[in-house]
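As C-alpha cells, the structure follows; a few thoughts come after it.
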Amino acid sequence: MIIHTVKSGETVQSIAEQYSVPASRIISDNFIEDADRLAIGQTLIILFPKVTYTVRQGDTLAGIAELFGTDVMTLWQNNPLLDGGSDIVPGQVLNILYVERKMGRVVTSGFAYPETEEAVLRRTLPYLTRLSIFTYGISSKGDLIPANDDRLITLAKEYGTQPVMVLSSRTEDGTFNSENFKRILDDEKQSIRYINSILQTAKSKGYDGVEADFEYLGSDYEDKYTDFINDLRSALDNEKIFLIVDLPPKNSDDQAGSLYAGVDYSALGEAADNVFLMTYEWGYRYSEPMAVSPENKVREVVEYAVDGIDPQKILLGIPNYGYVWQIPYVEGETRAVSVSNVEATNLAVEFGAEIKFDELAASPNFTFSVSENDAPSNYEVWFEDARTVKGALDMIADYGLLGFGVWNIRRYFPQLWAVVNSTYEIIK
C-alpha cells in the first residue's frame, strides 16, 4: 500500500500510470465520487493485490474462498464493495491476497448508535473484533435505561464480532449528567443492585463485554469509582464477560480540568480487562480551529498511559470525523459543524481548496470561502485522512498496544479500513 498525496496537475489517470495500476481500482478503493476532480493535497490509497480472481457464472463467495484456501471474512475485508454480502456477478474482479506483510495482530473496536445504517454496519463489521453499542443510561432512581440494541447485537454476531454493552450517564431525557451515577457510588446497596442489573442484562442479551464510559465524576469519587470497577469486573468475570473502562486523555497525574479529576489511570487499568483512551476532541465543537486528534498530544497521553498500565490492555482512540469552523473564530460564539472525513475531502474538491498538512499534529486542514448575502464567509476545516490513520496505527506498534477503537462508525471511511487491512491482521 502507498499513500499518495495529490499534486497540482495530477489526475486519477496520471496517478494510475505512475503506479501501473488501473484508474478504476484507485476510484473504487478510495470511493471517489467524481474521478475528474481531485484536490491538491488530497490523499489516495494505492493498493497492490497479489492475487485476484474474476468471477465466473455459477461462482459463490464461499466457493471462491475455498478455492484459494481462505475464508469469506477475508474476502469481505479485501473487497469492501461487497458490502459484507454474498452477491457477486460474472466479470467482477475480487482481491484475494495483497502484497503487504502485516505488522501483527490487533483488537479493533467501533462505537455504533442503534440508528446506525445497516449498510454501513455490514461494510464495517468484517473489520471489527468488537462492536461497542452506545449506550445504556441511568435513571434518577438508579435503574438501567435500555438501548435499542437487538438489531446491532444480531448483526455483530453474524460477522463474528463481539457485541459490547456501553454504560454511560445518559439520563431519561437523553442528556448526560453524572449525578445519577454518583448516587450509585455513594450507596453500597444501590451499587450492588446496579451491578446485578448490568450482569443480568448482559447475559440475557448475549453481550461478550461491558464498557464503562463515566465522565466528570470529580476527585471525591476517584476511589469509589475504582472500587465500583473492581466489583463490576468480579461479577462479570464469573460469567466470562470482559470489562473495558473508557479513560479521558490525561498526560499527567495532576492534570487540571473536571474531565480528568477522579480518574486514576493505574488503578482503573489494573481493575479492568482493557482500557480505551479517548484520544480525540482537542479540536471540538466549541474550540478554536485545530486538529481533532493531534498526534503530538495523543503520543503524550499514550506515554503517560503505558507508564502505569500494561500496554496489552490499551486500546487507542481514533476519531472518524472532522469539523468545519467559520472564521474568524469568536470564543463563546463560534460553533463548529461535524463532517465525515469523506465529506471534508469533498468540500476541498468542491471549492478548489488546497489541503495542507500540519506536521506536528499530523493532520490535514484547509480553508475555503463562499459568498453569502453578497459577502464572503470564510471557513476552516480539520479532519483525518490515510496519513493520520497510518500514524495512529504506527503508534500502536511503537508502544505495543492491544489495538484501537473508533469513535464512531456511523459514517464509512474507506481509507481507514483500507489502511488497517493493509497494516494488521484483525483478531476475530
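These values consider heavy atoms only, across backbone and side chains, with no hydrogens, waters or symmetry-generated copies.
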Tell me if a side-chain donor or acceptor on [X] pairs with a main-chain N or O of [Y] at a distance below 3.5 Å.
{"X": "T279", "Y": "G317", "value": "yes"}
{"X": "S86", "Y": "L61", "value": "no"}
{"X": "T226", "Y": "E222", "value": "yes"}
{"X": "K356", "Y": "P364", "value": "no"}
{"X": "S422", "Y": "V419", "value": "no"}
{"X": "E10", "Y": "K7", "value": "yes"}
{"X": "K313", "Y": "G269", "value": "yes"}
{"X": "Y159", "Y": "G84", "value": "yes"}
{"X": "S287", "Y": "Y284", "value": "yes"}
{"X": "S14", "Y": "T11", "value": "yes"}

Check your understanding: Can the ring centres of W325 and Y286 be said to be less than 6.0 Å apart?
Key ->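 Here the rings of Y286 and W325 have centres that are no less than 6.0 Å from each other.
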**Study point:** Y412 ring center within less than 6.0 Å of F31 ring center
**Key:**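 Under 6.0 Å, so yes.
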Are the side chains of [X] and [Y] in touch, meaning some heavy atoms are under 4.5 Å apart?
{"X": "F134", "Y": "D213", "result": "yes"}
{"X": "V302", "Y": "L316", "result": "yes"}
{"X": "F404", "Y": "L315", "result": "no"}
{"X": "W282", "Y": "P249", "result": "yes"}
{"X": "K390", "Y": "I3", "result": "yes"}
{"X": "Q162", "Y": "T129", "result": "yes"}
{"X": "T52", "Y": "I96", "result": "no"}
{"X": "N177", "Y": "Y216", "result": "no"}

Answer yes if the side chains of [X] and [Y] hold a donor-acceptor pair under 3.5 Å, and no otherwise.
{"X": "E211", "Y": "S132", "answer": "yes"}
{"X": "K428", "Y": "T161", "answer": "yes"}
{"X": "N421", "Y": "N78", "answer": "yes"}
{"X": "T116", "Y": "R411", "answer": "no"}
{"X": "E281", "Y": "Y323", "answer": "yes"}
{"X": "D59", "Y": "Y53", "answer": "yes"}
{"X": "S369", "Y": "N378", "answer": "yes"}

**Study point:** Identified ring pair (Phe, Tyr, Trp, His ring centres under 6.0 Å) partner of F181 from the options Y136, Y221, F228
**Key:**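 When ring pair (Phe, Tyr, Trp, His ring centres under 6.0 Å) is applied between F181 and each of Y136, Y221, F228, only F228 qualifies.
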Atom [atom1] of residue position [X] - does it have more than 12 heavy atoms of other residues, nucleotides or ligands inside 6.0 Å?
{"X": "Q255", "atom1": "CD", "answer": "yes"}
{"X": "D87", "atom1": "CG", "answer": "no"}
{"X": "E179", "atom1": "CD", "answer": "yes"}
{"X": "E115", "atom1": "CD", "answer": "yes"}
{"X": "E66", "atom1": "CD", "answer": "no"}

What distance do [X] atom [atom1] and [Y] atom [atom2] have between them, rounded to the nearest 0.5 Å?
{"X": "L82", "Y": "W76", "atom1": "CG", "atom2": "CH2", "value": "9.0 Å"}
{"X": "L199", "Y": "E239", "atom1": "CG", "atom2": "CD", "value": "5.5 Å"}
{"X": "I409", "Y": "E117", "atom1": "CD1", "atom2": "CD", "value": "11.5 Å"}
{"X": "L277", "Y": "Y265", "atom1": "CG", "atom2": "OH", "value": "5.0 Å"}
{"X": "N180", "Y": "K182", "atom1": "CG", "atom2": "NZ", "value": "11.0 Å"}
{"X": "I426", "Y": "Q77", "atom1": "CD1", "atom2": "CD", "value": "4.5 Å"}

Practice item. Start with the C-alpha gap between E425 and R105, add the side-chain angles, then the distance that decides, and say whether salt bridge (charged side-chain N to carboxylate O under 4.0 Å, His left out) holds. Key: CA-CA 5 Å; E425 178 186 346; R105 306 175 75 232; 3.5 Å; yes
Below 30° counts as parallel, above 60° as perpendicular, anything between as tilted: where do the rings of [X] and [Y] land?
{"X": "Y127", "Y": "W417", "answer": "parallel"}
{"X": "Y379", "Y": "F368", "answer": "parallel"}
{"X": "Y321", "Y": "Y280", "answer": "perpendicular"}

Looking at [options], which hits side-chain contact (heavy atoms from CB on, under 4.5 Å) with [X]?
{"X": "E33", "options": "I27, V349, N346", "value": "N346"}
{"X": "L167", "options": "T201, L232, L243", "value": "L232"}
{"X": "D34", "options": "I32, D36, L38", "value": "D36"}

Check your understanding: With sequence neighbours excluded, what pairs up with R170 under the salt bridge (charged side-chain N to carboxylate O under 4.0 Å, His left out) test?
Key ->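 Result, salt bridge (charged side-chain N to carboxylate O under 4.0 Å, His left out) vs R170: none returned.
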Check your understanding: side chain to side chain donor-acceptor pair (under 3.5 Å): which pairs involve residues 22-31, sequence neighbours left out?
Key ->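 As it turns out, the side chain to side chain donor-acceptor pair (under 3.5 Å) pairs with a partner in residues 22-31, which skip direct neighbours, are R25-N95, N30-Q415.
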Check your understanding: Is it true that D149 and K205 make a salt bridge, defined as a side-chain N closer than 4.0 Å to a carboxylate O?
Key ->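 Result for this pair is yes, salt bridge flagged.
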Check your understanding: With the threshold set at 4.0 Å, does a side-chain nitrogen-carboxylate oxygen contact exist between D83 and R122?
Key ->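 No salt bridge links D83 with R122.
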Practice item. Could you check L268 against L247 for side-chain contact (heavy atoms from CB on, under 4.5 Å), going step by step and ending with a plain yes or no? Key: CA-CA 9 Å; L268 291 171; L247 301 177; 3.7 Å; yes
Check your understanding: Please walk me through it: do F48 and I2 pass side-chain contact (heavy atoms from CB on, under 4.5 Å)?
Key -> CA-CA 9 Å; F48 301 94; I2 291 174; 3.9 Å; yes
Point to revise | CA sep, side-chain torsions, deciding dist, call: I46, I15, side-chain contact (heavy atoms from CB on, under 4.5 Å) | key: CA-CA 9 Å; I46 313 297; I15 296 168; 4.1 Å; yes
Exercise for review: Start with the C-alpha gap between E215 and S178, add the side-chain angles, then the distance that decides, and say whether side-chain contact (heavy atoms from CB on, under 4.5 Å) holds.
Suggested key: CA-CA 7 Å; E215 304 171 28; S178 62; over 6 Å; no
Practice item. Determine, stepwise, if the pair R233 / D273 fulfils salt bridge (charged side-chain N to carboxylate O under 4.0 Å, His left out). Key: CA-CA 8 Å; R233 183 182 180 186; D273 293 295; 2.9 Å; yes
Exercise for review: Scan residues 287-307 for pairs that pass salt bridge (charged side-chain N to carboxylate O under 4.0 Å, His left out), counting only residues two or more places apart or in two chains.
Suggested key: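 Of all non-adjacent pairs touching residues 287-307, those that pass salt bridge (charged side-chain N to carboxylate O under 4.0 Å, His left out) are R299-D398.
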